[in-house]
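Residue numbers begin at 1 in each chain, while the letters A, B, ... track the order of the sequences. The figures that follow rest on heavy atoms only: side chains count, while hydrogens, waters and symmetry mates do not. Since we're looking at a predicted model, the values are computed, not measured.
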Amino acid sequence: MCRCTRLPTNRGRGQKRGRRPSPAASREPVRKGTAMPVIERTVDKNSDLYKLRHSLAHVLAQAVQELYPGVKLGFGPPIDDGFYYDFLFPEGVVLTDEDLKGIQKRMQKICREDQPFVQEDLPFEQAIARLTEMGEPHKVEYCKELHDKKGFDTIGFYTNGPFVDMCEGPHVENTKNLRPDCFKLHSLAGAYWRGDEKNVQMTRIYAYAFESKDELKAHAQAVEEAKKNDHRILGQKLGIYSIADEVGKGLPLWLPNGAAIRHELEKLAYEMEFAAGYHKVSTPEITREGLYYTSGHLPLYKHSMFPPMELYEEGPGGGGEGDENPTERYYLKPMNCPHHHMIFKAQKHSYRDLPLRISEYGRCYRFERAGALQGLTRVRGMCMNDAHIYVTPEQLKDEFKAVMDLHKTYYDLFGFEDYYLRLSQWDPDDPKKGDKYVDDPEGWAFTEKVVQEALEELGLSYTMERGEAAFYGPKVDYEFRTVTGREFTATTNQLDFAVPKRFGLVYTDSDGEEKTPYCIHRAPLGTHERFIAILIEHYAGAFPTWLAPVQVNIIPVSEKVIDYAKKLEAMLRKDLVRTELDDSNATMGKKIRSGTTRKIPINLIVGEQEAEQNTVTMRRYGIEDQPVLALDTFVSELRDEIRDRVDVRRDMR
RNA sequence: GCCACCGUAGCUCAGUGGUAGAGCACACCCUUGGUAAGGGUGAGGUCAUGGGUUCAAGUCCCAUCGGUGGCUCCA
């Protein structure tokens, strides 16, 4: 991509006009696209911080036991920014946010006491006896597991004051080492025992904890600050999307500004895919059920699909109560792959056609559970940057690598740095593997080797997850964290050695034999919904010009120059630049403020001087200097900036 | 789906049982202004929805719907 031609970024240029800007205090700060405050992801178990958090978790349990006799304990580990503890409260006791204050107070009291942490190891039988006597059924269960499955002969316990917990440690020496002002209980949540929703739901209390009061305060502030970049806040403020009860949860409405971003992403994808030899296709959003038996979505994926639309002899809606047998069932598509396979099948293919790459920004609908929905990151209706690539075994690795390269091109363009790759493989030792994976150990061995080699040949680092594969093959996911700290798979590259066979897809090889192709499922721009959520947060709502919903805002100094401003607007719009003219009856300062708070990348000031000299004064978002540019220079350089998708503020993010 | 909390104007929020409020945004008028909020006037709400308690409910209770934070699940 050419980056040599670009509009001046205004930095280092001397041209300034007018007064100095007013004091910064009156301004909306130009936010950086920061993610969550930096958090230690893996705290060393012997570090002071780990001991502190671990010990405070015990103090929390101790305080809760004192205040709510009869409470049962679950797990209480240190986490990234503090710790939590899970409790099962006696029947009828419901904890609310208000109660946290009282618990925190009791904890602080314990911290002021002189209670040494004393460690002891008990033989397994004695440990069970003690936990049983303590009335801790969950601890007993876990203790047995440590013994039976992990071979522990002795079990560790820690005692401080009146409180005893089964625990491997380590801890601080004494509760008085725990500062009462460096932790804060901040939220309550339901959590299933051992993370299994078939188990009882316990009450989890979360806390922040740091080594000093200042760090705690800084963390709480950073969390507040990060929330301002939340795509749900900015999406509302910048008019990107809206979710209306009347339409349905998880079904976003894209406002004009959001639709403009979608348009740019689709244009980007089209250009990249066209150049890489993809063929664009289009498929319907509803489909007869039979296709999903072929694909295996029914019944395997049924829980994530909207229930079917049923047709009866007498027409849609049916012939009434007695008419129980629909003649046809249609489903909203949850994925595009079955349709793309049908497109492959619609024509006869030779090995000469391969790799055959078919792509579509396809709309899919999934019945996500209500509690899982979240802004744009988790929705029920989505539009996916999908493509399926059919290849011979020989082509598989290179094509998989080409998709990884495409990812890299996109990620470099956006300047993404804060993400990681996750390689998901099957789990041959999973007792339920028959339900989760295609039963073809050789296929798994081959494709996993291909994927791993591809990653290594490209020199990419990744984490490996056993048991996280798709049912048809291994995959590489690109994982992101939102400003609120949630992790999401943004984009994906998957290998499929099973489904083409189910569909009976074949190509004629050079030897005249019909063979089944491998398939790569890929979505390097993910779905519009999740990807735009990431972009909003990444750019803190201040998009580079090519992606910005409104690219140029024209601010006439007075009505005297309205004709010049209108001419300018018409000229830019003719060039397909998303331009607005602020001809409202407001002062110039007000218009600048408004253009800036809307994070429009370029505000143009035009007054009598500009009109006379055929120039514009360019005010870029987040950049102080304001050059005066000849009109044709501005237009041609803007055109280049947009065409080359240059992000002039890249180094400032 | 489960646990906790929340739902008042387009947005952000105040209003703890007795005549629905503010700021921003919006409309109109004055102002024609050279770099982050000029002034005035006005419109806008069955207080999410439906029941209940009460002489009286935005306020108390119940249910439903929606949102937030988690758990589970996932692009």
Can you list the residues that meet the side chain to side chain donor-acceptor pair (under 3.5 Å) rule with A/Glu559, with sequence neighbours excluded?
-> none
B/G70 base / A/Tyr192 side chain donor-acceptor hit below 3.5 Å | no
Sequence neighbours left out, what passes salt bridge (Lys or Arg N to Asp or Glu O under 4.0 Å) with A/Glu285? Give chain and number order.
-> none
Can you name the atoms? Protein N/O to nucleotides 26-30 of chain B N/O, anything below 3.5 Å, with the distance.
| unit_1 | atom_1 | unit_2 | atom_2 | d |
| --- | --- | --- | --- | --- |
| B/C30 | N4 | A/Asn585 | ND2 | 2.7 |

Please confirm whether any donor atom in the side chain of A/Glu368 sits under 3.5 Å from an acceptor in the base of B/A75, or the reverse.
-> yes
Where protein sits on nucleotides 4-13 of chain B, one letter per nucleotide: B base, S sugar-phosphate only, - none, heavy atoms under 4.0 Å = SS-----S--
Applying side chain to side chain donor-acceptor pair (under 3.5 Å) to A/Arg486 and not counting sequence neighbours gives none
N/O donor-acceptor pair, side chain A/Gln201 with base B/C71, under 3.5 angstrom | no
Distance-only donor-acceptor test, A/Thr527 side-chain atoms vs B/A75 base atoms, 3.5 Å = yes
When only distance counts, do a donor and an acceptor, one from the side chain of A/Arg378 and one from the base of B/C73, lie under 3.5 Å apart?
-> yes
Under the salt bridge (Lys or Arg N to Asp or Glu O under 4.0 Å) rule, collect the residues that match up with A/Arg204, sequence neighbours excluded.
-> A/Asp86
N/O donor-acceptor pair, side chain A/Arg366 with base B/C73, under 3.5 angstrom | no
Just jot down the ring-ring contact (aromatic ring centres under 6.0 Å, His included) partners of A/Phe543, sequence neighbours excluded, or say none.
-> A/Tyr539
Let me know, please, whether A/Lys560 or A/Arg486 comes out on the 5' side of the other along RNA chain B by nearest nucleotide.
-> A/Lys560
With sequence neighbours excluded, residues passing salt bridge (Lys or Arg N to Asp or Glu O under 4.0 Å) with A/Arg106 | A/Glu66
Sub-6.0 Å ring centroid separation between A/Tyr68 and A/Phe87 = no
Tell me whether the OP1 or OP2 atom of B/C73 has a side-chain N or O from A/Tyr301 closer than 4.0 Å.
-> no
Residues at least two apart in sequence or cross-chain that pass salt bridge (Lys or Arg N to Asp or Glu O under 4.0 Å) with A/Lys101, listed by chain then number, are A/Glu98
